[in-house]
Protein chains: 2
Amino acid sequence: MLEQNLKYKEVLKREGVKSTRHRFAILELLEQSESPVTAEQLFILLREKTASINLSTVYRTLDTFTSKNLVIKSNRVDDGKVRYELNHHEHKHHLFCVGCHKLISLEECPIGELQQTLKKKLDFEVTGHNLEIYGYCHNCQRIHS
Amino acid sequence: MLEQNLKYKEVLKREGVKSTRHRFAILELLEQSESPVTAEQLFILLREKTASINLSTVYRTLDTFTSKNLVIKSNRVDDGKVRYELNHHEHKHHLFCVGCHKLISLEECPIGELQQTLKKKLDFEVTGHNLEIYGYCHNCQRIHS
DNA sequence: TTGCAAATGCAACCCATTTGCATCTCCTCT
DNA sequence: AGAGGAGATGCAAATGGGTTGCATTTGCAA
């Protein structure tokens with residue numbers, strides 16, 4: 001077994017779910033992808049990459065991983081598709097381009113310093129937040145204007 | 001015609017769309033509702049309240065209103081349903097206290113200056129955003145700690 | 001009042017996601 | 001190593017929010 005897969009095997013065992021080649025492949029693809037992907041994107045990549053897999057298996061696997069907190073499931077955005085990404089246990093935000101549906105990762109959380117301001121000014125103790133930013137990326141600005 | 005409806009009639013005329021009883025009813029319901037509603041919720045209310053209406057008319061009307069900026073269409077949340085609310089033409093964010101469920105209004109939008117930063121650094125043209133902040137208000141901090 | 005574009009109802013459709021069920025495959029326990 | 005059982009998968013059908021084509025109705029400008 002590949003070294004990579006041994007690592008995955010441990011993770012899955014720790015979470016109490018079985019190790020299968022599909023799950024290894026999905027974890028590997030998620031690890032390789034830079035931005036959150038849809039179930040269908042994964043499905044297509046899996047078909048190219050490895051043996052055949054069923055779309056419902058992809059969905060079920062992603063659900064399993066999400067419930068184990070291995071994967072983060074994003075809210076549907078404008079195109080009506082849910083996106084998944086590996087949970088790196090770090091706080092992250094994205095820019096969503098409404099032109100080409102690309103997701104761009106933000107380096108740092110824009111809410112970070114706000115948190116202290118709110119504590120000082122309003123004595124409000126922030127425990128969490130959601131932030132989604134829409135707009136046009138560099139490329140799509142040319143097309144849409 | 002009701003006074004209320006006269007007001008709506010003007011608004012719709014200004015936007016260049018026809019005035020119909022369905023549209024009046026939808027505007028009225030949106031005005032009455034305190035939080036964003038789904039198309040189906042509206043549909044059910046409309047059935048109770050007025051004469052019959054078709055669900056696709058509700059969707060089409062909401063789309064029309066959204067394109068005219070009379071209504072704000074929110075992203076689907078976890079339940080997979082889009083929600084609509086009247087556009088009061090004010091950009092606002094709230095702090096949501098998870099202790100007492102109180103909403104505290106923020107004076108200004110914390111994303112405002114971020115918008116220019118993103119344009120400069122990434123050439124990303126922001127067109128909109130969602131921000132929800134959770135935490136404990138002054139009172140609830142005492143109770144929960 | 002008339003004519004026509006816009007609005008509506010209806011039924012059929014779309015498409016992302018879910019589900020029921022039969023089969024297969026891991027993994028634990030001998 | 002092998003057997004048995006729980007969990008995973010494939011397949012096809014279903015679900016459900018939302019959309020669309022088309023015939024009919026309605027608002028409204030001239």
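Just so it is clear, the structure is predicted and the values come from calculations on it, not from any experiment. Chain letters run A, B, ... following the sequence lines, proteins first, then strands; residues in each count from 1. Computation of the quantities below employed the complete heavy-atom set of this structure, encompassing side-chain atoms and omitting hydrogens, waters and symmetry-equivalent molecules.
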Quick one: [X] [atom1] to [N] [atom2], roughly how many Å, whole number?
X	N	atom1	atom2	answer
A/Lys81	D/dG18	NZ	C1'	15 Å
B/Leu27	C/dA7	CG	P	13 Å
A/Leu42	C/dT17	CG	C1'	15 Å
B/Lys9	C/dA6	NZ	C1'	15 Å
B/Glu15	D/dC28	CD	C1'	18 Å
B/Arg83	D/dG18	CZ	C1'	15 Å
B/Asn54	D/dA23	CG	P	17 Å
B/Lys68	C/dA7	NZ	P	9 Å

Can you find a pair of side-chain heavy atoms, one from A/Leu12 and one from A/Leu70, that are under 4.5 Å apart?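 Yes, side chains in contact.
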
In terms of side-chain heavy atoms of [X], which of [options] is nearest?
X	options	value
A/Ser56	D/dT19, D/dA8, D/dG10	D/dG10
B/Lys13	C/dC10, D/dG10, D/dA29	D/dA29
B/Thr57	D/dC28, D/dA12, C/dT8	C/dT8
A/Arg60	C/dG9, C/dA6, D/dT9	D/dT9
B/Tyr59	D/dT19, D/dG10, D/dT26	D/dT19
A/Ala39	D/dG18, D/dA8, C/dT17	C/dT17
A/Ser19	D/dG10, C/dA7, C/dC27	C/dC27
A/Val82	D/dG10, C/dT17, C/dT8	C/dT17
B/Asp63	D/dT9, D/dT19, C/dT8	D/dT19
B/Lys18	D/dG27, D/dA8, C/dC10	D/dG27

Taking the nucleotide of DNA chain D with the nearest heavy atom to each, does A/Leu55 or B/Thr20 sit closer to the 5' end?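 Per heavy-atom nearest nucleotide, the more 5' residue is A/Leu55.
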
Quick one: CD on B/Glu28 to CD on B/Gln32, what's the gap to the nearest 0.5 Å?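 The distance works out to 5.0 Å.
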
So what does [X] hit on the nucleic acid, given a heavy-atom distance under 4.0 Å: a base, only sugar-phosphate, or nothing?
X	value
B/Ile53	sugar-phosphate
A/Thr38	nothing
B/Thr64	nothing
B/Thr61	sugar-phosphate

So, is B/His22 near the phosphate of C/dG9, with a side-chain N or O under 4.0 Å from OP1 or OP2?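 True: B/His22 side-chain N/O within range (under 4.0 Å) of C/dG9 OP1/OP2.
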
For A/Arg21 and C/dC26, is the shortest distance between a side-chain N/O and OP1 or OP2 below 4.0 Å?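 Result: no.
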
Answer yes if B/Val11 and B/Leu27 sit in the same cluster of Ile, Leu, Val, Met, Phe, Trp and Tyr residues linked by side chain heavy atoms under 4.5 Å apart, and no otherwise.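 Yes; B/Leu27 is reachable from B/Val11 via cluster members.
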
Please determine whether a side-chain nitrogen of the Lys or Arg among B/Lys121 and A/Glu107 lies less than 4.0 Å from a carboxylate oxygen of the Asp or Glu. no

B/Asn87 side chain to B/Asn69 main-chain N or O, any donor-acceptor pair under 3.5 Å?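 Answer holds: yes.
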
B/Gln141 side chain to B/Tyr136 backbone, donor-acceptor under 3.5 Å: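 At least one qualifying donor-acceptor pair exists.
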
